[in-house]
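Predicted model, so just to flag it, every value in this text is computed and none were measured. Numbering of ligands and ligand atoms starts at 1, following listing order.
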Amino acid sequence: MIGPFDFTGNPARIIFGAGSSGNIGDVVASLGCARALVLSTPHQSVDAGALAANLGDLAAGTFAGAAMHTPIDVTENAMQVVAETGADCTVALGGGSTTGLGKAIALRTDLPQIVIPTTYAGSEVTPILGQTEDGVKTTLKDPRVLPEVVVYDPELTYSLPAAMTVTSALNAMSHAVEALYAKDRNPMSSLMAAEGIRALVRALPAILETPGNAEARADALYGAWLCGSVLGAVGMALHHKLCHTLGGTFDLPHAETHSVILPHVVAFNAAAVPEQLRPLADALGVEKPGLGLFEYARSLGAPTTLKELGMPQDGIDRAADLAVANPYWNPRDIERPLIRRLIEKAYHGIEPAR
Ligand code: NAD
């Protein structure tokens, strides 16, 4: 039976297609803006410069200092550039780090945002912003940080290295997986989550074979859009909380941590909600989605151990303590011995039960 449910869509204009990032000037003008500040990480500064050159008079300048987890001091430097250049909108070119900077500026100024994602993180379609100050990350949800326009150009993802392609896509998939069993899920989020998973599952092996496979790159970015959308629409559970805790406590890399943890959380929660995880099992063509995902990720060369990401072994107990000390909703009860075992398996890369 359908319902009851309570669904609010996150309003944004989505432009999708190979080559679509060639017309950003039209997008800037469509917002009634004329002075766009182009944002990027230092790594993508050349691309940001080229985009600004392409914008011509519509570019107010570039700021190529975006960094992981949106450090407040970087935002403050960028705010100075916003003021100096008189920017009236931002164009974030890059992954979740650059998107985060655009969101942090919008939170402080309400400047309209155009985002051109070049990874599969999905932040561009969520009203969520994580910021870091003195090493402490806090997350907020605010409609002001939701970007106005997202331009998905699959051609910009051809340069994403294989390892990042895989971990970024598994990070995206984790949003959809938790949306499948979210407490506040609705028919729209469930459709988007299942379709996002299918698109990513079929895209990754083809991309690894041919990184410039246009159809597979389009599939992956399409999947990332859907997965990001459900992250912004419904509540996340054990997987996201655990990754947040592990990442924050042990300074582990974001997408890689998601990649390692996801199969274990799926195996754990599948014991409680096998039917809700059926779209994942079907997409993978398996009966046991946790084990299936573990094998799928391994076949793509994804990291499988927290150990290789730099977590200390004595961190297993600390992480288990933190996970149970701060209870949150999950479809299966979170008991310390079980969570400790889950983290231990992820630490050593032990496969979920057959
Ligand atoms: P990232 O943005 O930090 O990118 C990693 C590196 O890859 C950077 O140096 C970047 O310049 C480079 N890069 C990006 N695209 C590339 C491409 N196509 N080719 C070559 N190099 C490329 O990594 P990410 O995983 O996209 O984002 C992680 C951040 O996003 C984290 O801070 C995370 O918390 C945040 N995030 C936020 C949300 C949200 O809703 N608020 C959602 C997902 C992730």
Side-chain angles (χ1 to χ4, degrees), residues 10 12 21 38-51 62-72 74-75 92-104 106-107 113 115-132 137-147 150 152-176 178-179 196 207 211-212 217 220-221 224-225 227-236 239-241 243-248 251-259:
N10 284 313
S21 63
V38 180
L39 309 172
S40 77
T41 60
H43 180 74
Q44 288 172 291
S45 61
V46 173
D47 296 334
L51 176 58
T62 58
F63 180 85
M68 187 80 100
H69 304 310
T70 330
I72 296 274
V74 170
T75 302
L93 174 69
S97 298
T98 306
T99 304
L101 176 60
K103 288 174 155 184
L107 181 71
Q113 305 171 66
V115 181
I116 311 173
T118 62
T119 72
Y120 306 128
S123 174
E124 64 280 356
V125 281
T126 81
I128 304 165
L129 169 65
Q131 304 185 95
T132 314
K137 186 167 178 176
T138 49
T139 301
L140 59 85
K141 204 168 178 178
D142 188 313
R144 272 177 303 176
V145 309
L146 181 74
V150 182
Y152 286 109
D153 183 346
E155 287 180 359
L156 301 186
T157 60
Y158 295 1
S159 57
L160 200 58
M164 266 192 73
T165 295
V166 170
T167 55
S168 188
L170 290 171
N171 179 193
M173 208 185 290
S174 74
H175 312 328
E178 294 230 293
I207 291 173
R217 284 293 188 182
L221 203 54
W225 165 50
C227 292
S229 298
V230 294
L231 171 67
V234 298
M236 298 287 113
H239 173 78
H240 281 74
K241 300 291 181 177
C243 290
H244 196 103
T245 301
L246 290 165
D251 197 23
L252 305 184
H254 180 83
E256 290 84 344
T257 306
H258 278 267
S259 303

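Inter-residue side-chain proximity for Phe63 and Val74 is flagged as met; some heavy-atom pair is nearer than 4.5 Å. Under the 4.5 Å side-chain criterion, counting only non-hydrogen atoms from C-beta, Leu231 is in contact with Met236.
Listed by chain and residue number, the protein contacts of ligand 1 are Thr41, His43, Gln44, Met68, His69, Gly95, Gly96, Ser97, Lys103, Thr118, Thr119, Ala121, Ser123, Thr126, Ile128, Lys137, Leu156, Ser159, Leu160, Met164, Leu231, His254 (heavy atom within 4.0 angstrom).
Within a 6.0 Å sphere centred on CG of Asn10, other residues, nucleotides and ligands contribute more than 12 heavy atoms.
Between His244 and His240, the ring centre distance reaches or exceeds 6.0 Å.
With rounding to the nearest 0.5 angstrom, the OG1 atom of Thr165 is 3.5 Å from the CG atom of Leu160.
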Pair Thr118, Gln44 - check side chain to side chain donor-acceptor pair (under 3.5 Å), show working. CA-CA 10 Å; Thr118 62; Gln44 288 172 291; 3.1 Å; yes
